[in-house]
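Single-structure report; data block below.
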There are 2 protein chains.
Amino acid sequence: MATRRVTKLPRNEREAERRKTILRAAVEVFSRKGFQGCRIADVAREAGVAYGLVYHYFKDKDELLGSVFESGWQGFLSRVQAALSHEAGFEARIRSVVHVAFEAYRRDPRGVKVLILEVGRSPSGGAVNRGGAFTSVIELATSIFAEAQARGEMAAHLDPKLAAALLFGSIEMGLTTFVMGLMERRDDVLQRASEQVAETFLRGVVHARPVEGAPVVTPEAIPSEAAPWTSAKSGTKSRAARRD
Amino acid sequence: MATRRVTKLPRNEREAERRKTILRAAVEVFSRKGFQGCRIADVAREAGVAYGLVYHYFKDKDELLGSVFESGWQGFLSRVQAALSHEAGFEARIRSVVHVAFEAYRRDPRGVKVLILEVGRSPSGGAVNRGGAFTSVIELATSIFAEAQARGEMAAHLDPKLAAALLFGSIEMGLTTFVMGLMERRDDVLQRASEQVAETFLRGVVHARPVEGAPVVTPEAIPSEAAPWTSAKSGTKSRAARRD
DNA sequence: TCGCTCGTTGATTTGAGAATCAGCGAACGG
DNA sequence: CCGTTCGCTGATTCTCAAATCAACGAGCGA
């Protein structure tokens, strides 16, 4: 149940507010039950709004997912571009891209989870035009690699497009370990993971260098009650048990 | 429309055959329309079998997906293990794991596509107990890295679990470029991609070495009518337009 | 204050498709 | 050759959630 504005506001602002509330609720619900697994009713309830109102602001369920995707991905993309404009060197750029992704997760794990799990690999015919957006980032990264090769900062025989894919594959899977609860979501752990992803990508597991500062973080046995899917017997009975 | 046995067979064999036919059809249909996006009727039609028969062999839609997953993943896992038992050195092992994955894709792109797109990232509550299986592979790989670190073949400060995740992230995204049609599915391209994935993971993009022999594998141009999912515009209208 | 506009409501309709089931007929034993 | 079994069929039923819509009332201008 998200915040419910009570104070008076001009029509327009109040509406925009509502829209955002629904969008936030959608992210929340999608991240909990998945796009296919949730009902509009869930989103409405989460937003503290009538069922029908969701359809007032969004044409249909797909447009809702599309909007969630759009805002999330747009934010990520612009941060990446901003980061790139600040860094000139090849390695620094790679590091900053990785950093942006991990920072986004630290700030809004729900949102990133939806991006990764729902939109990232939308099942085949998947709703949104993820393909295009995804492709555009790959292309952005591809150009970075091509440039780096031209400058001799990267092995010349590698395919830059594949390199771009591998970079995002590493980032994504790195984040997935957190999304799935394989790793504890704690700032220092995230920090080290981010460094390892960049370092592995740049130098490989054989020659990866320790970060100069080397905080050597406390391993500290993870408490976390075993992740839910660990026991994994469940199985969505297609129809049964959808309520929380 | 899969092969229809006409020659007589003993009851048991004929039944097993049927079951396999349905399973194959399911892979085919899932890879084309996704698990959520297809109907049991599609699978039945593809298998050239009556609607009800699917339910004779599989309890429900979920069990069908589960079986598809099981057989596919099981095959992959056992190949990985076999490959590992043949190779002793750390680098050789990594290379062989990557190779097994790419080889699997070359042999059965449809099947791998389903594994990657449908089961790999099953939307949150996802049907099958993917979590467990997935986790088990990560753990298997984790032990390889831990061992390699003990032997000094891998940088000691890296988290082996994260390293394992990154390895599969790279493999997966590498394959995804083919699944999504970003790269042309041709033997020689696959071959080079496989090498780049392993090489990048081991030495990083900065120091990756060209393959010594540079075999330039027999391209042997695959005929294959352009993959259907290449055009990818679609958009699941929730209800509308699901027929082929 | 009146009454119009339009944001908001939630019960109702609609439709897709999962799962069922009564019965048919091929295969097989006697 | 007959009877029984059970693999197989596909029309029918049932479920569930998306999308609709008629009506309500808060806010606003006159």
Side-chain angles (χ1 to χ4, degrees), chain A residues 4-22 25-26 29-30 33-66 125 127 235-244, chain B residues 2 4-22 25-26 29-30 33-66 123 125 127 235-244:
Chain A
R4 192 74 185 276
R5 272 264 128 272
V6 183
T7 40
K8 286 190 182 177
L9 283 175
R11 255 319 216 278
N12 287 340
E13 285 184 36
R14 188 167 164 71
E15 283 180 44
E17 194 81 358
R18 280 284 219 216
R19 200 190 146 89
K20 271 186 222 152
T21 300
I22 294 176
V29 174
F30 289 171
K33 323 222 275 182
F35 175 68
Q36 300 280 0
C38 81
R39 286 150 292 175
I40 292 294
D42 295 324
V43 176
R45 195 180 322 120
E46 176 72 30
V49 132
Y51 184 94
L53 196 62
V54 176
Y55 284 93
H56 179 75
Y57 286 104
F58 302 91
K59 186 171 133 283
D60 57 24
K61 206 183 172 190
D62 265 345
E63 189 179 296
L64 181 56
L65 179 63
T236 302
K237 284 287 66 196
S238 269
R239 286 289 160 77
R242 314 196 65 175
R243 309 237 136 259
D244 320 52
Chain B
R4 193 72 186 276
R5 272 268 125 270
V6 183
T7 41
K8 286 191 182 179
L9 283 175
R11 260 315 219 278
N12 287 341
E13 285 183 37
R14 187 166 165 72
E15 282 181 45
E17 194 80 357
R18 279 286 220 214
R19 199 188 147 91
K20 270 187 223 155
T21 300
I22 294 176
V29 174
F30 289 170
K33 323 224 273 182
F35 175 68
Q36 299 279 1
C38 81
R39 287 150 292 175
I40 292 294
D42 295 324
V43 176
R45 194 181 321 119
E46 176 71 31
V49 132
Y51 184 94
L53 196 62
V54 176
Y55 284 93
H56 180 75
Y57 286 104
F58 302 92
K59 185 170 134 286
D60 56 24
K61 206 183 171 189
D62 265 344
E63 189 181 297
L64 182 56
L65 178 62
T236 303
K237 279 286 62 192
S238 274
R239 284 290 161 77
R242 313 197 68 176
R243 306 239 138 257
D244 320 54

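Please read these numbers as outputs of a predicted model, since none were measured by experiment. All chains are named by letter (A, B, ...) in the order of the sequence lines, taking the proteins before the strands, and each is independently numbered beginning at 1. Side-chain atoms are counted along with the backbone in the values below, which use heavy atoms only and exclude waters and symmetry mates.
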Phosphate contact (C:dG7 OP1 or OP2) by A:R18 side-chain N/O below 4.0 Å: no

Is any side-chain heavy atom of [Y] closer than 4.5 Å to one of [X]?
X: B:E63; Y: B:D60; value: yes
X: A:T21; Y: A:V49; value: no
X: B:V43; Y: B:E46; value: no

Separation of [N] [atom2] from [X] [atom1] (nearest whole Å):
X: B:I40; N: C:dA16; atom1: CD1; atom2: P; result: 17 Å
X: B:F58; N: D:dG7; atom1: CZ; atom2: P; result: 15 Å
X: A:Q36; N: C:dA18; atom1: CD; atom2: C1'; result: 15 Å
X: A:R39; N: C:dA11; atom1: CZ; atom2: C1'; result: 17 Å
X: B:F35; N: C:dA18; atom1: CZ; atom2: C1'; result: 11 Å
X: A:H56; N: D:dA19; atom1: NE2; atom2: P; result: 17 Å
X: A:E15; N: D:dA26; atom1: CD; atom2: P; result: 17 Å
X: B:L53; N: D:dC8; atom1: CG; atom2: P; result: 5 Å

Any N/O donor-acceptor pair, A:Y51 side-chain to D:dA18 base, under 3.5 Å: yes

Touch class at under 4.0 angstrom, heavy-atom based, for A:Y57 against every strand present: sugar-phosphate

